Student: 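Let me give you the structure first, and then I'll get to my questions.
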Amino acid sequence: MRLPFFYGWLIVAVTFVTMAIGVNARTAFSLFFPPIIGEFGWERGVTAGAFSFGFVVSGAVSPLIGRMMDRFGPRGVMELGVALMGGGLLLAPLTTQPWHLYLTIGVMVGAGSVCLGYSGQSLFLPNWFIRRRGLAMGLAFAGVGLGSVTLLPWVQHMIEQTGWRTACTAMGILVLVALAPINLVLRKKPEDIGLLPDGDAAPTATSAKPVSNIVDPVWAGTDWTLARALRTARFWWIALGYFCGLYIWYAVQVHQTKFLLDIGFSPNVAVWALGVVSLLGIPGQIWLGHLSDRIGREWIWAISCFGFAICFAALIGLKYAPVLPLVYLMIFTQGALGYGLTSIMGAVVLEIFQGRQYGSIFGTIMLAALAGGAAGPWATGALYDLAGSYTLAFAIGIAVSLLSAIAIWQASPRKVRAVAGQMYKVRDV
């Protein structure tokens, strides 16, 4: 039966729901963090290390997930992620030792999240769109924001009423029941079901010849294998940019709740801040994703990194002036600007290394990205334990933000394939 709309938008909708639940199930660790420390008395670096270890695991399996996507498609990858994440969340409440947390939240949830989160979705979703690629990915990833303002307050309420163990169990059940069925509708690319990207009609003999978006025919015409990609400077610039991007993202996300509590804000304000960041990420990701289709991916990456830099500066200022206007600035720049990174992560790699081994190439790049996600929370917690303050760690975050922006400009996807809004430059060549 033919749908009255392009099947790609159904893919976007499923991704939206999967991200809303799957990503926030992992983000909820920021809410579990204070009660776990309070119950066990473990050091912050050790406890936050479980979350960071999850990124080490994610990084280790990311190339494998990319190869699985190339071979088997998204349904098998997503269902594997549902089983791992759901199982990890259901087992985490049995924790009595740090290694239990590392095994459940680290290994199982970490491996599951690489399937269900930004990495896994970016392996196939960009295939469904060309002209509206940034918009589609921005819409799909905006699910994270909606999930944050609905799921995270619910989780916090359960923590306060019944404890972190009950909240963790409830999240595990939700992951299994909600996500396992809907991900069965996924397909890797429109051609698999006889469609074309963007829902375009098949060309006919009288159709106008489509305008190519290729800027560098030699580069675009290369059969990009992982081995060939590894020998290019562009691959390593992207890897550096993504490492830094996830470093700053998760350095803030994991530690901001505890930081706000430490400087005197109430638990309600701290939880509200975490939720509103992702809420602002909804219009931010959609608008910046759409804007990237007009002005290019590099500009949006730079804008997002600038947002994180201001966020870190606001956090430093909050230590000396713990006032709500600085909290608002931190929230806005992190959510409305910083979260725009995710709307173009898949697009940047696809537009440079498009081909039959895109999944393997993207999965390997995400090894570096996830290493950044692991380094951010761990380094921030360790620097706090060493210095007794977050100031140095947040200052380093500003420098890492700037380095990330520079790296993606060096990778320059605009010099390989033009976005829709810059196609006139290709036609004029």
Side-chain angles (χ1 to χ4, degrees), residues 9-32 51 54-55 58 65 74-93 104-106 108-125 136-159 164-186 249-250 253-254 271 274-282 285-286 335 339 342-343 345-346 373:
W9 295 116
L10 178 61
I11 302 292
V12 168
V14 171
T15 302
F16 182 96
V17 176
T18 301
M19 297 288 284
I21 298 173
V23 172
N24 284 293
R26 188 176 195 178
T27 302
F29 180 80
S30 185
L31 304 180
F32 301 144
F51 188 86
F55 278 95
S58 298
I65 297 299
R75 282 179 292 179
V77 171
M78 295 301 146
E79 298 298 353
L80 174 63
V82 168
L84 286 170
M85 177 171 280
L89 290 167
L90 291 175
L91 290 172
T104 55
I105 299 296
M108 296 182 69
V109 174
S113 69
V114 78
C115 302
L116 301 178
Y118 298 102
S119 302
Q121 310 296 344
S122 295
L123 287 168
F124 71 96
L125 183 58
M137 297 191 73
L139 285 167
F141 291 171
V144 177
L146 182 62
S148 72
V149 297
T150 54
L151 292 179
L152 295 183
W154 172 61
V155 170
Q156 180 62 24
H157 177 72
M158 282 195 292
I159 290 172
W164 72 270
R165 287 181 168 84
T166 301
C168 195
T169 300
M171 284 301 301
I173 294 171
L174 180 63
V175 167
L176 293 172
V177 172
L179 300 187
I182 64 172
N183 277 281
L184 293 174
V185 308
L186 296 179
W249 183 300
Y250 286 103
Q253 188 180 91
V254 171
V271 174
L274 187 64
V276 174
V277 165
S278 292
L279 177 63
L280 288 171
I282 298 174
Q285 286 170 308
I286 295 171
Y339 276 30
T342 60
S343 64
M345 289 187 79

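Nothing here was measured: the structure is a model prediction, and the numbers come from that model. Because only heavy atoms are used, hydrogens play no part in the values below, and waters and symmetry mates are left out as well, while side chains stay in. Index from 1, following the sequence.
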Student: Is there side-chain contact between Ile282 and Tyr339, with heavy atoms separated by less than 4.5 Å?
Tutor: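 No. Closest side-chain heavy atoms not under 4.5 Å.
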Student: Is a side-chain N or O of Ser122 found less than 3.5 angstrom from the main chain of Ser119, in a donor-acceptor match?
Tutor: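 Not a single qualifying donor-acceptor pair exists.
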Student: Run the side-chain contact (heavy atoms from CB on, under 4.5 Å) check on Thr27 and Val254 step by step: do they pass?
Tutor: CA-CA 8 Å; Thr27 302; Val254 171; over 6 Å; no
Student: CE/Met19 to OG1/Thr342 distance, rounded to the nearest 0.5 angstrom?
Tutor: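 Those atoms lie 6.5 Å apart.
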Student: From Trp164 CH2 over to Leu31 CG, what is the distance, rounded to the nearest 0.5 angstrom?
Tutor: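 Trp164 atom CH2 to Leu31 atom CG measures 13.0 Å (nearest 0.5 Å).
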Student: Is a side-chain N or O of Gln285 found less than 3.5 angstrom from the main chain of Leu139, in a donor-acceptor match?
Tutor: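 Such a contact is absent between Gln285 side chain and Leu139 backbone.
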Student: Evaluate the side-chain contact (heavy atoms from CB on, under 4.5 Å) criterion for residues Met85 and Met108: first the C-alpha distance (whole Å), next the side-chain angles of each, then the deciding distance (0.1 Å), finally the verdict.
Tutor: CA-CA 6 Å; Met85 177 171 280; Met108 296 182 69; over 6 Å; no
Student: Quick one: does Met78's side chain get under 4.5 Å of Gln121's, heavy atoms only?
Tutor: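 With C-beta onward as the side chain, the pair touches.
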Student: Would you mind reporting whether Leu174 and Trp154 have side-chain heavy atoms less than 4.5 Å apart?
Tutor: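 Touching, per the 4.5 Å side-chain cut-off.
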Student: Which of these, Val144, Val177, Val175, sits in a side chain to side chain contact (heavy atoms under 4.5 Å, CB included) with Ile21?
Tutor: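 Only one of Val144, Val177, Val175 forms a side chain to side chain contact (heavy atoms under 4.5 Å, CB included) with Ile21, namely Val175.
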Student: Applying ring pair (Phe, Tyr, Trp, His ring centres under 6.0 Å) to Trp249 and Tyr118, what does each step give before you reach the verdict?
Tutor: CA-CA 13 Å; Trp249 183 300; Tyr118 298 102; 5.7 Å; yes
Student: Would you say the side chain of Leu90 lies within less than 4.5 Å of the side chain of Ile173, judging by non-hydrogen atoms?
Tutor: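 SC-SC contact between Ile173 and Leu90 confirmed.
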Student: Using 0.5 Å steps for rounding, measure from the CG atom of Asn24 to the CG atom of Leu274.
Tutor: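 Interatomic distance, Asn24 CG to Leu274 CG, rounded to 0.5 Å: 8.5 Å.
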Student: I'd like to check Ile65 versus Cys115 (side-chain heavy atoms, cut-off strictly below 4.5 Å). Are they in contact?
Tutor: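 They are in contact (side-chain heavy atoms under 4.5 Å apart), so the answer is yes.
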Student: Identify the heavy atoms of Val155 and Ala28 that sit nearest to each other, and give their distance.
Tutor: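 For Val155 and Ala28, the tightest heavy-atom pair comes out as CG1-CB, 4.4 Å.
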Student: So, for Val23 and Gly117, which heavy atoms are closest and what is the spacing to 0.1 Å?
Tutor: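 Shortest heavy-atom contact: CG2-CA, 4.0 Å.
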Student: Closest approach of Leu84 and Ala111, non-hydrogen atoms and distance?
Tutor: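 Shortest heavy-atom separation between Leu84 and Ala111 comes out as CD1-CB, 3.9 Å.
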Student: Quick check for you: to the nearest 0.5 Å, what is the distance between Leu80 atom CG and Arg75 atom CZ?
Tutor: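 That separation rounds to 15.0 Å.
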Student: Rounded to the nearest 0.5 Å, how far apart are OG of Ser113 and CZ of Phe29?
Tutor: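 Rounded to the nearest 0.5 Å, the OG-CZ separation comes out at 12.5 Å.
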Student: Run the numbers on Thr15 and Phe124 for side-chain contact (heavy atoms from CB on, under 4.5 Å), then give the verdict.
Tutor: CA-CA 11 Å; Thr15 302; Phe124 71 96; 4.2 Å; yes
Student: Give the minimum heavy-atom separation between Pro181 and Leu176, together with the two atoms involved.
Tutor: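 Scanning both residues, the minimum pair turns out to be CD-O, 4.3 Å.
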Student: Can Leu146 and Phe16 be said to form a side-chain contact (heavy atoms from CB on, under 4.5 Å), step by step?
Tutor: CA-CA 9 Å; Leu146 182 62; Phe16 182 96; 3.6 Å; yes
Student: Of the non-hydrogen atoms in Asn183 and Leu179, which two are nearest, and what is the gap between them?
Tutor: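 Answer, listing the atom of Asn183 first, then Leu179: ND2-O, 3.0 Å.
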Student: Contact between Thr104 and Val109 at the side-chain level, heavy atoms closer than 4.5 Å - yes or no?
Tutor: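 The answer is no, as the side chains (C-beta and beyond) never meet within the 4.5 Å cut-off.
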Student: Between CE of Met171 and CG of Leu151, what distance do you get to the nearest 0.5 Å?
Tutor: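 Rounded to the nearest 0.5 Å, the CE-CG separation comes out at 5.0 Å.
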Student: Which heavy atom of Met158 sits nearest to which heavy atom of Ala170, and what is that distance?
Tutor: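 Answer, listing the atom of Met158 first, then Ala170: CE-CB, 3.6 Å.
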